[in-house]
Colleague: 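Before I ask anything, here is the structure I am working with.
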Amino acid sequence: MPHGAEPTAGTVLGAWISRQTETLADLAAAVRADEPDAVHRMRVTCRRLRSTLQAYRPLIGADTTALVTALKDLASALGAARDTEVLAERLTAEARALPEDCRPDEVAAALAAWAAERTAGARPEALAALDGPGFPALLAALRGLVAEPRFTVRADRPAPRELARVARRQQRRTARRIEAARGAEPGEAAATALHEARKAAKRARYAGEPAGPAADRFTRRMKDLQDLLGTHQDAVLAGRTLHDLAAADPEHAFAYGVLYDRQLTAAAADRARLPEVWRRAGGPAAF
């Protein structure tokens with residue numbers, strides 16, 4: 001590359017995929033050692049790579065379908081316990097704040113027991129995903145994608161403009177998901193549509209990251225949108241869980257009903273904030 005010339009999109013993208021691949025490889029030891037937050041960081045790296053492969057498919061050239069699926073499966077195996085832990089932490093904290101006539105200590109203990117039962121055996125599943133043949137094969141395929149790239153002609157263009165073009169495309173994709181959520185029927189249909197919007201916002205955020213500091217504002221605002229839609233989804237999942245718990249544990253059904261109502265209130269508050277958060281993330285000034 002001539003002195004002073006802008007790097008190509010392919011050069012920047014290849015370096016980005018390579019860094020994330022080595023981060024994924026390095027985190028395996030931390031997960032095996034059960035280090036704090038290691039599972040979460042590894043799942044985020046899986047998501048970051050998945051989103052990059054999906055968003056930049058027009059530049060990569062190679063068929064990355066199998067890689068995307070393998071990354072999704074790995075994140076799922078890693079997250080079986082973590083998702084339950086996060087949900088249990090939310091509900092247990094709210095249970096302890098219940099009025100005395102709801103028997104908060106009993107409800108918190110019941111939720112802790114539910115979480116322990118759900119997470120039993122989850123760590124062996126995560127270790128099996130790392131110690132089986134699939135994980136080394138995934139790393140080898142990701143490294144091969146960069147070592148022998150088959151990038152398209154678009155990847156030969158200057159990086160700043162081309163990476164921004166891809167990120168804006170993902171922004172428009174998110175806009176379509178937001179619009180679909182606005183038109184969805186209240187209830188399950190709207191919750192599903194907002195969850196799809198969250199996934200689109202996450203892909204847009206990660207699509208902006210390879211562009212570096214030039215995209216900081218864009219990725220930050222997309223993260224704000226993703227976080228808001230994430231807390232909404234947490235409330236939806238918590239509500240569904242409480243509905244099931246009330247049926248399985250009728251002795252504490254009233255308390256679960258109180259907690260369920262609070263999830264509805266929290267979800268409604270998130271939806272009320274959505275237009276303002278989206279206004280910042282969806283406008284041309286975001287990038």
Side-chain angles (χ1 to χ4, degrees), residues 1-27 41-75 134-177 199-223 225-226 281-287:
M1 183 173 64
H3 179 71
E6 290 182 322
T8 67
T11 300
V12 173
L13 183 59
W16 174 259
I17 293 173
S18 181
R19 285 197 301 273
Q20 299 307 316
T21 299
E22 297 317 309
T23 297
L24 191 69
D26 292 343
L27 283 169
R41 287 183 289 140
M42 195 169 194
R43 289 180 79 196
V44 168
T45 305
C46 286
R47 293 168 182 160
R48 186 169 274 128
L49 278 164
R50 275 175 59 205
S51 295
T52 299
L53 296 178
Q54 290 169 320
Y56 285 93
R57 193 186 305 269
L59 278 68
I60 291 173
D63 183 0
T64 60
T65 304
L67 283 172
V68 168
T69 299
L71 286 163
K72 182 178 181 180
D73 290 344
L74 176 58
F135 184 60
L138 170 62
L139 293 177
L142 287 167
R143 287 165 176 155
L145 185 68
V146 176
E148 298 181 12
R150 288 185 284 162
F151 292 151
T152 66
V153 293
R154 284 183 58 181
D156 293 331
R157 298 172 183 172
R161 187 182 315 155
E162 195 60 33
L163 298 180
R165 182 179 289 116
V166 172
R168 289 193 183 100
R169 182 170 182 265
Q170 296 304 315
Q171 185 188 45
R172 292 192 296 272
R173 180 174 177 270
T174 305
R176 293 193 295 271
R177 300 296 188 277
K199 291 191 288 186
K202 179 167 57 179
R203 188 189 295 189
R205 168 196 171 189
Y206 291 144
E209 286 183 340
D216 280 352
R217 181 168 57 180
F218 174 83
T219 56
R220 184 175 63 252
R221 292 182 177 185
M222 279 297 171
K223 182 180 184 299
L225 176 63
Q226 176 192 338
F287 206 117

Colleague: Roughly how far apart are R43 CZ and L27 CG, rounded to 0.5 Å?
Modeller: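 It comes to 13.5 Å.
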Colleague: Rounded to the nearest 0.5 Å, how far does CD of Q171 lie from CZ of R221?
Modeller: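 Output value for this atom pair is 10.5 Å.
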Colleague: Find the distance between CG (L163) and CD (E209) and round it off to the nearest 0.5 Å.
Modeller: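 That separation rounds to 12.0 Å.
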Colleague: Please report the interatomic distance CZ(R172) to CD(Q170), rounded to the nearest 0.5 Å.
Modeller: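 Output value for this atom pair is 9.0 Å.
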Colleague: Which atoms form the tightest heavy-atom contact between V44 and Y206, and what is the distance?
Modeller: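 Nearest pair, atom of V44 first, then Y206: CG1-OH, 3.7 Å.
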Colleague: First locate atom CD of Q226, then atom OG1 of T219, and finally report the distance between them rounded to the nearest 0.5 Å.
Modeller: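 Q226 atom CD to T219 atom OG1 measures 11.0 Å (nearest 0.5 Å).
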Colleague: Can you give me the closest heavy-atom contact between L24 and C46, atom names plus distance?
Modeller: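 So the minimum-distance heavy-atom pair works out to CD1-SG, 3.7 Å.
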Colleague: For A62 and L145, which heavy atoms make the closest approach, and how far apart are they?
Modeller: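 Residues A62 and L145, closest heavy atoms: CB-CD1, 3.9 Å.
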Colleague: Which pair of heavy atoms, one from G10 and one from F151, lies closest together, and at what distance?
Modeller: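 Heavy atoms of G10 and F151 come nearest at O-CE1, 3.2 Å.
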Colleague: Would you say R169 has more than 12 foreign heavy atoms packed within less than 6.0 Å of its CZ?
Modeller: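 Counting neighbours around CZ of R169, 12 or fewer heavy atoms of other residues, nucleotides or ligands fall under 6.0 Å, so no.
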Colleague: Apply the side-chain contact (heavy atoms from CB on, under 4.5 Å) test between L13 and each candidate in T8, V166, I60; give the one that qualifies.
Modeller: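 Exactly one candidate clears the test, I60.
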Colleague: Hey, mind stepping through I17 and L53 against side chain to side chain contact (heavy atoms under 4.5 Å, CB included) and telling me if it holds?
Modeller: CA-CA 9 Å; I17 293 173; L53 296 178; 4.2 Å; yes
Colleague: I need the minimum non-hydrogen distance between D63 and T65, along with the two atoms involved.
Modeller: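 Nearest pair, atom of D63 first, then T65: OD1-OG1, 2.7 Å.
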Colleague: I would like to know whether R205 and R48 meet side chain to side chain contact (heavy atoms under 4.5 Å, CB included); could you show each step before the answer?
Modeller: CA-CA 9 Å; R205 168 196 171 189; R48 186 169 274 128; 4.2 Å; yes
Colleague: Could you measure the distance from the NZ atom of K72 to the CZ atom of R50? Nearest 0.5 Å is fine.
Modeller: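 It is 6.0 Å, given to the nearest 0.5 Å.
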Colleague: Set out, in order, the CA-CA distance, both residues' side-chain angles and the distance that settles side chain to side chain contact (heavy atoms under 4.5 Å, CB included) for Q20 and T52, then state yes or no.
Modeller: CA-CA 10 Å; Q20 299 307 316; T52 299; 5.8 Å; no
Colleague: Where do F218 and A204 come nearest, in terms of heavy atoms and distance?
Modeller: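 Taking every non-hydrogen atom into account, CE2-O, 3.2 Å.
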